[in-house]
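Chain letters run A, B, ... following the sequence lines, proteins first and then strands; every chain starts at 1.
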Amino acid sequence: MMATAGQLAGLSLGELAHRLGIPVPAHLRRDKGWVGLLLELALGASAGSKPEQDFPELGVELKTIPVDSQGKPLETTFVCVAPLTDIAGLSWEHSNVRNKLSRVLWIPVLGERSVAPGARRIGQPLLWTPSREEERLLRQDWEEIMEWISLGRVQEITARHGQVLQLRPKAANGRALTEAVGRQGQPIQTLPRGFYLKTTFTGALLARHFML
DNA sequence: TCCTGATCATAA
DNA sequence: TTATGATCAGGA
């Protein structure tokens, strides 16, 4: 799988899609997950929507990340949905965020909107495990965000909270609501939220690798 | 220009 | 509805 990932570097998404017999959309407005699904197929990730890593036997999570011509991330990176109920007893060690990020195979893909999806090129992959400092930052943000959620303050959390990890809506649209806990401990309906890695964090992580 | 909040497709 | 895969888009 790692060897395959390395062989994809330099290919355009159009070339890869053609090999796999996949149609190439003119833009990603209605196919936001197309790049990720294409790479999953190419690398043989166990497709599906199970809340697990992409390669359970390897303990590896696959993430494509859109970058500009200089390798700088163009978008934040979605990690997983945030639990909003029954979170008593949850710890960082057992969190979904830590599990997903313990080993990530990053595949940078040129993602400038001025370039058609089929013409975007795949970059050199990077197998990453958080350094002690990176994990400290992730844990710090996760614990603070989860504390606010447990205190019934989920609706007060904005994307500005957190140094490297942020909480943002993760929904089909504004009418897709889910249950959470309010200020007085009462059940409330709110937008589903997800954890995202900020571009400053992923940018530094990629830069550290490609400098070596 | 950048970033936050909103949104799109699909499977089970 | 919730999980997967993310990017869009316009106000700051």
Residue pairs fulfilling salt bridge (charged side-chain N to carboxylate O under 4.0 Å, His left out) with at least one residue in residues 73-84 of chain A, sequence neighbours excluded = Glu75(A)-Arg113(A)
May I have the distance from Lys32(A) (atom NZ) to dA6(B) (atom P), rounded to whole angstrom?
-> 13 Å
Are the side chains of Leu205(A) and Trp128(A) in touch, meaning some heavy atoms are under 4.5 Å apart?
-> yes
Of the non-hydrogen atoms in Pro125(A) and Pro108(A), which two are nearest, and what is the gap between them?
-> CA-CD, 4.4 Å
Is there a donor-acceptor contact under 3.5 Å from the side chain of Asp31(A) to the main chain of Trp34(A)?
-> no
Side chains of Arg153(A) and Ser150(A), donor plus acceptor under 3.5 Å | no
At under 4.0 Å between heavy atoms, what does Glu61(A) touch on the DNA or RNA strands: base, sugar-phosphate, or nothing?
-> sugar-phosphate
Leu41(A) CG to dT10(B) P, straight-line distance once rounded to whole Å | 16 Å
Report yes if a side-chain nitrogen or oxygen of Arg175(A) is closer than 4.0 Å to either non-bridging phosphate oxygen (OP1 or OP2) of dT7(B); otherwise report no.
-> yes
Can a salt bridge be assigned to the pair Arg132(A) and Glu134(A) using a cut-off of 4.0 Å between side-chain N and carboxylate O?
-> no
Which of residues 153-171 of chain A sit near DNA chain C, with a heavy atom under 4.0 Å from it?
-> Arg168(A), Lys170(A)
Whole angstrom value for the distance that separates P of dT10(B) from CG of Leu28(A) | 14 Å
Step by step, work out the side-chain hydrogen bond (donor to acceptor under 3.5 Å, both in side chains) result for Thr76(A) and Arg168(A).
-> CA-CA 11 Å; Thr76(A) 54; Arg168(A) 306 216 309 274; 3.0 Å; yes
Describe the nucleic acid contact of Asp31(A) in one word from base, sugar-phosphate, nothing, applying a heavy-atom distance below 4.0 Å.
-> nothing
What parts of residues 100-114 of chain A reach DNA chain C, counting only heavy atoms under 4.0 Å away?
-> Lys100(A), Arg113(A)
Toward the 5' end of DNA chain C, which comes first, Tyr196(A) or Glu179(A), by nearest nucleotide?
-> Glu179(A)
Salt-bridge criterion met for Glu156(A) and Arg183(A) (N-O under 4.0 Å) | yes
Could you check which residues of residues 62-97 of chain A get a heavy atom under 4.0 Å from DNA chain C? Sort them by number, please.
-> Lys63(A), Thr64(A), Pro66(A), Glu75(A), Thr76(A), Phe78(A), Val81(A)
Closest non-hydrogen atom pair between Ala26(A) and Pro117(A), with its separation | O-CD, 3.3 Å
Out of curiosity, Trp148(A) CH2 to Gln155(A) CD, how far, rounded to the nearest 0.5 Å?
-> 12.5 Å
Using heavy atoms to find the nearest nucleotide of DNA chain B for Leu191(A) and Thr200(A) separately, return the residue whose nucleotide is more 5′.
-> Thr200(A)
For chain A, the stretch of DNA chain C it reaches, first to last nucleotide, under 4.0 Å of its heavy atoms | dT2(C) to dA9(C)
For Gly33(A), answer base if it contacts any base atom (sugar-phosphate contacts may also be present), sugar-phosphate if it contacts only those atoms, and nothing otherwise; contact means non-hydrogen atoms under 4.0 Å.
-> base
Partner residues of Arg139(A) under the side chain to side chain donor-acceptor pair (under 3.5 Å) criterion, sequence neighbours left out | Glu93(A), Glu143(A)
Is there a donor-acceptor pair under 3.5 Å between the side chain of Arg98(A) and the backbone N or O of Asn96(A)?
-> no
Closest approach of Leu39(A) and Leu13(A), non-hydrogen atoms and distance?
-> CD2-CD2, 4.1 Å
Polar contact flag, side-chain donor to acceptor under 3.5 angstrom, Arg208(A)-Ser131(A) | no
